[in-house]
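Reading through the structure tokens given below for one structure.
Counting convention: from 1, in listed order, for ligands and their atoms alike. Everything quoted here is computed from the prediction, not taken from an experiment.
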Amino acid sequence: MKIGILNGDDIGHEIVPEAVRVMQAAAARTGLAIEWQDIPIGRAALDSLGSTLPDGTIERLDALDGWLLGPIGHMAYPKIPEAINPHPLLRKHFDLFANIRPVKSHAALPCLHQGVDLVIVRENNEGFQPDRNVVAGSGEFRPTPDVTISVRVITRNGSSKVARAAFELARARRRHLTAVHKDTVFKLGCGMFAEECRRLAAEYPDVTYDEAIVDTFAMRLVMTPQRYDVVVTTNMFGDILTDEAAGLVGGLGMAAGLCAGPRHAMAQATHGSAPDIAGRGIANPYAMIMSGQMLLDWLGRRHAEPAATAAAHLIEQAVANVIEGRRALTPDLGGQGTTAGMGSAIIEAMTES
Ligand SMILES: NC(=O)c1ccc[n+]([C@@H]2O[C@H](COP(=O)([O-])OP(=O)(O)OC[C@H]3O[C@@H](n4cnc5c(N)ncnc54)[C@H](O)[C@@H]3O)[C@@H](O)[C@H]2O)c1
Ligand SMILES: CC(C)[C@H](C(=O)O)[C@@H](O)C(=O)O
């Protein structure tokens with residue numbers, strides 16, 4: 001397997017190395033051969049190579065099976081053309097259309113709710129961040145100094161692809177899928193998304209299918225998150241709801257994610273680069289480590305590689321043991337541990353699995 005390491009910015013330089021360390025330890029125990037490639041991105045790449053997404057990066061990634069991308073702190077980039085926000089572009093270029101974001105409570109952690117085990121599948125490339133092939137540029141226009149128009153693109157193909165990914169995931173879990181939209185108001189855009197979800201529901205009679213209007217869903221998610229299994233939604237709704245859901249189970253440090261496409265997958269935690277805690281060694285590496293775990297699981301299924309699946313399983317077990325034992329927890333989880341300390345505890349726990 002060829003896996004890329006792209007640290008990103010701020011806490012990315014602390015949490016991505018821990019994810020790699022944990023993945024290396026699991027791979028060594030299960031006999032999975034991984035060829036790692038360090039690929040510069042973000043502020044460090046801008047400073048050393050003149051661009052946040054240096055020439056040749058896309059080609060290098062294309063030759064890999066998958067990669068880890070740490071959080072990008074693009075809000076702090078200088079306002080120059082060489083300092084683009086690279087991750088929407090990577091998601092689009094590699095058609096990473098499904099952003100799969102699990103949300104799970106742990107009895108040992110101070111979660112707002114217990115018994116939560118759901119996955120939000122967020123459409124990753126349309127909505128207000130439209131594909132460059134569909135709408136040029138970012139999808140925002142300012143025809144006069146006092147008017148801005150933001151274009152939201154929904155396509156039948158994009159909707160049905162993400163809906164199918166969500167139905168497949170639901171089939172492998174508790175067989176319940178909820179489509180979240182607002183077709184009551186956005187009759188054409190959300191309407192098309194909902195039409196595609198309903199069309200696919202007929203192909204998956206074994207999956208219980210229902211729908212919720214996004215505002216009502218936001219309320220139900222806070223009050224009774226236990227009622228959901230897999231949730232599929234459009235890009236912007238998914239962006240917001242996944243952060244909200246993370247808040248139910250311990251915060252953004254617990255929010256893992258995988259951006260998956262037809263040929264590649266990118267492990268990318270839901271959270272940002274957390275500049276407020278960067279450089280202190282206290283960022284919670286759970287989300288990044290579990291994103292790497294999702295990548296190994298995806299690679300195991302895509303390449304029918306049992307050692308990758310076994311490595312993913314080993315990490316999942318070891319992480320669960322560390323959390324259950326409240327070992328090495330970082331301050332966001334009420335502990336006094338460090339980023340590296342949690343990585344080491346997870347590696348140690350692999351010997352217990
Ligand atoms: N996927 C991404 O790369 C991504 C996502 C969101 C935001 N961003 C960028 O990140 C930067 C900061 O944005 P923000 O502050 O709004 O959001 P953020 O997610 O970086 O931080 C929000 C809060 O959560 C905390 N937090 C986040 N991750 C944590 C972790 N692993 N462990 C412990 N605490 C954690 C932070 O300390 C902060 O208090 C901005 O430049 C933003 O554009 C990037
Ligand atoms: C920073 C931003 C472009 C990004 C997104 O909208 O996808 C972030 O919110 C995320 O969830 O990864």
Side-chain angles (χ1 to χ4, degrees), residues 6-19 41-43 46 52-53 67-79 83-92 96-101 103 109-110 120-131 138-140 150 152 162 233-247 249-259 266-292 319 328-343:
L6 294 83
N7 274 0
D9 296 309
D10 299 322
I11 63 165
H13 296 290
E14 299 159 50
I15 58 174
V16 173
E18 288 313 311
I41 198 157
R43 182 72 207 216
L46 180 69
T52 52
L53 189 68
W67 57 91
L68 298 117
L69 176 63
I72 297 292
H74 74 280
M75 263 166 9
Y77 288 176
K79 307 286 174 239
I84 58 158
N85 181 13
H87 66 226
L89 206 140
L90 294 179
R91 290 173 181 171
K92 280 169 197 164
L96 307 175
F97 62 88
N99 196 334
I100 303 160
R101 294 180 156 179
V103 181
L109 296 183
I120 298 181
V121 182
R122 164 190 176 191
E123 199 294 319
N124 219 18
N125 284 333
E126 298 191 343
F128 288 108
Q129 300 184 22
D131 194 309
S138 71
E140 290 198 312
S150 300
R152 177 178 185 236
V162 76
T233 191
T234 50
N235 196 345
M236 178 69 90
F237 294 159
D239 187 19
I240 298 164
L241 292 172
T242 50
D243 276 37
E244 180 193 343
V249 297
L252 280 167
M254 301 302 289
L258 185 77
C259 299
M266 173 167 87
Q268 188 184 25
T270 296
H271 60 73
S273 64
D276 54 339
I277 57 166
R280 293 165 55 197
I282 55 163
N284 183 354
Y286 174 100
M288 199 65 233
I289 290 169
M290 288 305 288
S291 302
V319 168
L329 297 186
T330 44
D332 58 310
L333 301 178
Q336 294 178 328
T338 62
T339 312
M342 191 186 272

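- Taking each of Glu14, Arg91, His87, His271 in turn, the one with a heavy atom nearest to atom 28 (N) of ligand 1 proves to be His271.
- Nearest protein heavy-atom contact of atom 40 (C) of ligand 1 is Met75 CE, 3.5 Å.
- Nearest to atom 23 (C) of ligand 1 among the protein's heavy atoms is Leu252 CD1, 4.3 Å.
- The protein heavy-atom contact nearest to atom 6 (O) of ligand 2 is Gln129 NE2, 2.9 Å.
- If you take CD on Glu244 and OG1 on Thr242, they are separated by 9.5 Å, rounding to the nearest 0.5 Å.
- Considering only non-hydrogen protein atoms, atom 36 (C) of ligand 1 sits nearest to Asp276 OD1, 3.4 Å.
- For the atom pair OG1 (Thr330) and CE (Met254), the distance works out to 8.5 Å, reported to the nearest 0.5 Å.
- Backbone and side-chain nitrogen or oxygen atoms of Arg91 are examined, and one is located within less than 3.5 angstrom of a nitrogen or oxygen of ligand 2.
- Annotation: Asp239 places an N or O atom under 3.5 Å from an N or O atom of ligand 2; distance criterion only.
- Less than 4.0 angstrom separates some heavy atom of Ile11 from each of these atoms of ligand 1: 31 (N).
- None of Leu69, Leu96, Thr52, Asn124 except one satisfies the side chain to side chain contact (heavy atoms under 4.5 Å, CB included) rule with His87; the exception is Leu69.
- By the 4.0 Å heavy-atom criterion, Thr270 is counted among the residues contacting ligand 1.
- Between the Asp9 side chain and the His74 main chain, no donor and acceptor come within less than 3.5 Å of each other.
- Residue contact check: Gly73 has heavy atoms under 4.0 Å from atoms 41 (O) of ligand 1.
- When heavy-atom distances to ligand 1 are checked against a 4.0 Å cut-off, Gln268 comes that close only through its side chain, counted from C-beta outward.
- Residues Ser291 and Ala267 share a closest heavy-atom pair of O-CB, 3.4 Å.
- For atom 14 (P) of ligand 1, the nearest protein heavy atom lies 4.0 Å away or farther.
- Ranking protein heavy atoms by distance to atom 32 (N) of ligand 1, first place goes to Asn284 N, 2.9 Å.
- Closest to atom 44 (C) of ligand 1, if we only count protein heavy atoms, is Ile72 O, 3.0 Å.
- Each of the following atoms of ligand 1 lies closer than 4.0 Å to a heavy atom of His74: 41 (O), 43 (O).
- Counting only N and O atoms by type, the side chains of Glu123 and Thr234 include no donor and acceptor under 3.5 Å apart.
- In terms of protein heavy atoms, atom 4 (C) of ligand 1 is closest to Gly272 CA, 3.5 Å.
- Remark: distances from the non-hydrogen atoms of Arg101 to ligand 2 include one below 4.0 Å.
- For atom 5 (C) of ligand 2, the closest heavy atom belonging to the protein is Arg122 NH2, 3.4 Å.
- Annotation for ligand 1: atoms under 4.0 Å from non-hydrogen atoms of Pro275 are 12 (C).
- Looking from atom 34 (N) of ligand 1 to the surrounding protein, the closest heavy atom is Ile277 CD1, 3.6 Å.
- Considering backbone and side-chain N/O atoms, Asn85 never comes within less than 3.5 Å of an N/O atom of ligand 2.
- Polar contact check, His87 against ligand 2: no nitrogen or oxygen pair lies under 3.5 Å apart.
- In this structure, atom 8 (N) of ligand 1 is in close contact with the protein, since a protein heavy atom lies within 4.0 Å of it.
- Looking from atom 20 (O) of ligand 1 to the surrounding protein, the closest heavy atom is Ala274 N, 2.8 Å.
- For ligand 1, the atoms lying closer than 4.0 Å to a non-hydrogen atom of Ser273 are 10 (O), 11 (C), 20 (O).
- Taking 4.0 Å as the cut-off, His74 counts as a neighbour of ligand 2 on heavy-atom distance.
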